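Since we're looking at a predicted model, the values are computed, not measured. Chain naming here is simple, since letters A, B, ... match the order of the sequence lines and numbering starts at 1 in each.
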Amino acid sequence: MRRNNNQKLHRKFDDDESQIISENKPNGNNVDHSEDAHMKRPRPHITELQDQDTEAHGTQPSDGSAAVVNSAPRWAQTASKKKQKVKKSHAADAKTVTFFSDDEEEQQRSSKALSFDQQKAKARELLEVRKTLPVYKAKDELLERLANSRVTVLIGETSSGKSTQIPQFLMPLNKKSIAVTQPRRVAAISLATRVAEEVGTTLGDKVGYSVRFDHKAKYGTKIKYLTDGMILREIMIDSSLSQYSTVIIDEAHERTVLTDLMMGFLKELLQKRKDLKVIIMSATLDAERFSKFFDNADILFVEGRMFKVEKLYLEKSVDDVVDSTIKTIIQVNNGELEGDILVFLPGQEEIDKCVSLLERLAPELPKEAPLIVPLPLYASLPPADQAKVFLPLKARRRKVILATNIAETSVTVPGVRYVIDTGLRKVKVWRHQLGLSTLLTAPVSKASATQRAGRAGREAEGKTFRLYTEDDFMKLPAMTEPEIARSNVVSPVLMLKRAGVDDILNWSWLQNPGQDSLISALTQLHELKALDDNGKITELGEQMAILPLEPQLSAILLTAHKSGCLSDAVDIVSCLSVDNLILNPPSETRDEVNEKRRSLCILGAKYGDLLMLKELLDFYLQFDNSQERKQWCHDLALSHRGFKNVMRVRNQIRQYMVSLTKDKHLFDEEKEKKPLDIPSVLKAFLSGYVSNTAIGMPDRSYRTTTSGQLISVHPSSLMFGKKNDAIMYTDFVYTTKGYARNVSAIELSWLQEVGGHVLAPKHSIA
DNA sequence: TGGGGATTT
């Protein structure tokens, strides 16, 4: 790398993103201008639930009456009014991820078991903290507004306390339960834990939660935090959600597929259930859209309490993101006061490059500045490595956390005062015309850039260094495109069919994914025999909708059941539905690890990755010692935690299959150790992945059976470099070229046998 | 012979 530090950043005071700035002057508690200020470490926060920081600092909040307005234009005005500055309190942070292992998590929770009196005392103590939250000041006015409308859109900035407080305010007013939905499991669990403390009840009693594999709620639980996926499951069982009188959709601005679906269902349900109230909570500008969707619902605004974040832009655009990132890190480290640095990069590749460059450079940097400690953070990183970003450092050191989008919403790292934002992210876009996904590096939206910047202003004033020009920023789209517009909607469509929606194209979509995308999904479901020729859901389709799996995988299990290889198929499907089970070995050991996998998985080497998964799971199950198991996972670059999840999924699927088939002894065959019937297993998978097949060409390339596109076997596959007549794959991703991932060898004759109805030439006369 | 942003039932 060239040592060229003349990269210039110029200052730009905020006028475009008034919602996260403060007009207040520093209050003196957080900014220290003494020479060695950067040596003073911020107090480490390991989890958000520690009982400290109970005192509030800073200026007085604005009065409650100013905090709530009911129209968007005034919202802008209100947003630019003074923000209070209060030292971070954990209440607003109750969604932060904690990195306990499963066992530790359990211990942590049970160690908190308090007596009735202790619970009440604790709740009284917490009440003082709650009173400092912006939303608490506006309580009376909020309640009045909420009482008068059936649907309300509530804009609450980060740290307003809306997710913890609003349900508590509403509790005495609701006859039935209040459901609060979250996009992520950890958020649902930690919010419920926090609110139970504030209410002074045992978790699972008055306040509880419900997420996959974990429920702490009973009949009569007044406030229930659920994941979006979980409440959709409940809708499948009880379409009128009769146990709730209020449903709160939180984090609606994230626009996940499941949140969007939920809003569509609620819109329809509101006509049926006249006693139901709905609150849509969002952190950003989407308010108008939500309001219109729900027949011009009231919009309320509650301010947050973020600190001011100064934004700096480049004067000239740069090409080399890694180079420019490194220079900026060094510049910030040399020139800025105490506080850690959070860097947003698009992907693992860029992160790993930066980490190794920084490790090399760190010892050569000026001795006056803190020593840089680079820490990568991305989803496929083992949990133990992820947890390192939370550990406190010794004096005279500065964390530089190099992260993907994971740090934008899912993981909140305390102590960050500086954000460096490359303005890039990776997006997966589903091309229904081609039946493949593309993984693109693309610019973020303004909303996303604002969110990233906000990560520097959670505990004190901060700065964000944007590695693009202000002009570039102005050209960014206002909002990230909702996920549903770029996803495969097979699963949502099946869900709607199962809920009795006939006219999918004209359903109450918050955002319609588009006719082409919907028709492609309907076609796929027809091919899977989930829908009949009239588009009505079949019995098979009903069963597929019940299983907590993608329709393809459900179809595979139902076929496998008929052909007598269910147990093996369940094992493989369980592995397929866990992300990051098979890790990418670090480049130093890559060849070695690949060779180990190949020699261990004899069937995998011959038949492909699906059988490798089966073999790996069998090996995993053989260990009786958890230490050996961990070591084995480590040697083969497999995720130990991933396998634990596989076991939970496997268990759940088995239960579902038992109840679907009403055959209690369905999995008893396991005791007999039936030999593995490889063709049956592969044919069962072929029934779900008929369209994901390709024929081998003489030049060792493959062409897909559906469109004749050129496709290559991904190098991470055991089938890489092998010649086969035909292959089947679970994923087709276009990056530098079209890659098939998770590849298995199949026989040409099976294509006609299993997939004749799909692959028959379109021009043939029926 | 080459590279997987993030969720969830």
Side-chain angles (χ1 to χ4, degrees), chain A residues 97 181-188 210-215 226-237 251 254-262 344-353 377-381 403-411 422 424-429 437-442 444 448 480 483-484 486-487 491-492 494-495 498 544-551 553-554 577-587 590-591 594 645 648-649 652-653 656 700-701 712-717 719-722 730-739 741-742:
Chain A
V97 167
T181 74
Q182 293 292 322
R184 285 169 289 279
R185 293 166 51 93
V186 271
S210 178
V211 301
R212 191 183 190 185
F213 303 128
D214 197 3
H215 304 263
L226 317 87
T227 46
D228 297 321
M230 207 64 209
I231 202 167
L232 282 165
R233 284 268 131 188
E234 290 192 358
I235 278 200
M236 294 293 121
I237 297 160
E251 310 285 7
E254 287 189 25
R255 301 295 306 275
T256 68
V257 171
L258 298 178
T259 319
D260 266 28
L261 280 179
M262 194 55 214
F344 285 98
L345 287 151
Q348 186 178 343
E349 189 189 347
E350 293 84 356
I351 290 172
D352 290 345
K353 268 190 201 162
L377 180 64
Y378 44 80
S380 62
L381 204 64
T404 59
N405 250 353
I406 193 174
E408 202 177 294
T409 47
S410 306
V411 179
T422 60
L424 298 171
R425 60 169 185 151
K426 290 214 170 169
V427 228
K428 195 171 178 181
V429 182
S437 304
T438 49
L439 198 68
L440 311 163
T441 301
V444 298
S448 185
T480 307
E483 201 181 26
I484 201 156
R486 51 184 167 83
S487 308
S491 215
L494 181 60
M495 206 181 265
R498 151 104 186 158
M544 284 164 58
I546 291 168
L547 288 165
L549 292 167
E550 285 179 4
L553 293 176
S554 304
S577 40
V578 169
D579 286 334
N580 302 322
L581 179 66
I582 313 290
L583 305 171
N584 307 317
S587 51
R590 187 180 58 190
D591 293 341
N594 282 344
N645 283 329
R648 293 201 288 191
V649 175
Q652 189 183 41
I653 296 175
Y656 270 105
R700 296 185 123 207
S701 70
S712 306
V713 174
H714 194 275
S716 63
S717 168
M719 288 289 101
F720 179 72
K722 291 217 165 189
T730 66
D731 286 300
F732 183 5
V733 179
Y734 199 97
T735 50
T736 50
K737 56 178 178 176
Y739 282 110
R741 308 197 25 200
N742 246 318

CZ/Arg184(A) to OG1/Thr227(A) distance, rounded to the nearest 0.5 angstrom? 11.5 Å
Contact class for Ile406(A) (heavy atom, under 4.0 Å): base, sugar-phosphate, or nothing? sugar-phosphate
Integer-rounded Å distance: dT8(B) P and Ile235(A) CD1: 19 Å
Please pick, from dG2(B), dT9(B), dT8(B), the nucleotide with the shortest atom-to-atom distance to any side-chain atom of Lys737(A). dG2(B)
Give a yes-or-no answer on whether the side chains of Thr259(A) and Glu251(A) include a donor-acceptor pair shorter than 3.5 Å. no
dG2(B) phosphate, OP1 or OP2: any side-chain N/O from Ser712(A) under 4.0 angstrom? no
What nucleic acid atoms does Ser380(A) come within less than 4.0 Å of, heavy atoms only: base, sugar-phosphate, or nothing? nothing
Counting the atoms with a prime plus P, OP1 and OP2 as sugar-phosphate, which does Arg185(A) contact under 4.0 Å by heavy atoms, base, sugar-phosphate, or nothing? sugar-phosphate
Identify the two heavy atoms, one from Leu583(A) and one from Ser380(A), that lie closest to each other, and give their separation to 0.1 Å. CD2-O, 3.7 Å
Rounded to whole angstrom units, what separation is found between the CD atom of Glu234(A) and the P atom of dT8(B)? 17 Å
Tyr734(A) has an atom OH; how far is it from atom P of dG5(B), in whole Å? 18 Å
Base, sugar-phosphate or nothing for Val211(A)? Non-hydrogen atoms, less than 4.0 Å. sugar-phosphate
Assuming nearest nucleotide by heavy-atom distance, tell me which of Ser491(A) and Val427(A) is located more 5' along DNA chain B. Val427(A)
Within the modelled atom types, does a donor on one side and an acceptor on the other bring the side chain of Arg212(A) and the base of dT9(B) under 3.5 Å apart? no
Taking any heavy-atom pair under 4.0 Å as a contact, classify Thr256(A): base, sugar-phosphate, or nothing. nothing
Closest to the Asp579(A) side chain: dT9(B), dT8(B), dG2(B)? dT8(B)
Would you say dA6(B) has OP1 or OP2 under 4.0 Å from some side-chain N or O of Thr409(A)? no
Walking DNA chain B from its 5' end, the first of Glu483(A) and Gln652(A) to be reached, judged by nearest nucleotide, is Glu483(A)
Any side-chain heavy-atom pair from Pro551(A) and Ser491(A) closer than 4.5 angstrom? yes
Of the candidate nucleotides dT8(B), dA6(B), dG2(B), which contains the atom at the shortest distance from the side chain of Ala379(A)? dA6(B)
To the nearest Å, how far apart are Asp591(A) CG and dG2(B) P? 14 Å
Measure the distance from CD on Gln348(A) to P on dG5(B) and round it to the nearest whole Å. 6 Å
CZ of Arg425(A) versus C1' of dG5(B): gap in Å, rounded? 8 Å
Output for pair (Arg648(A) CZ, Asp214(A) CG), nearest 0.5 Å, gives 8.0 Å
To the nearest angstrom, the CG-C1' distance between Asp352(A) and dG5(B) comes to 14 Å
Donor on one side chain, acceptor on other, Asn580(A) and Tyr378(A), under 3.5 Å: no
Find the distance Ile484(A):CD1 to dA6(B):C1' and express it as a whole number of Å. 16 Å
Side chain of Arg184(A): nearest nucleotide among dT9(B), dT8(B), dA6(B)? dT8(B)
Nearest to the side chain of Pro715(A), which nucleotide is it out of dA6(B), dT8(B), dG2(B)? dG2(B)
Picking from dG5(B), dT8(B), dT9(B), which would you name as closest to the side chain of Leu439(A)? dG5(B)
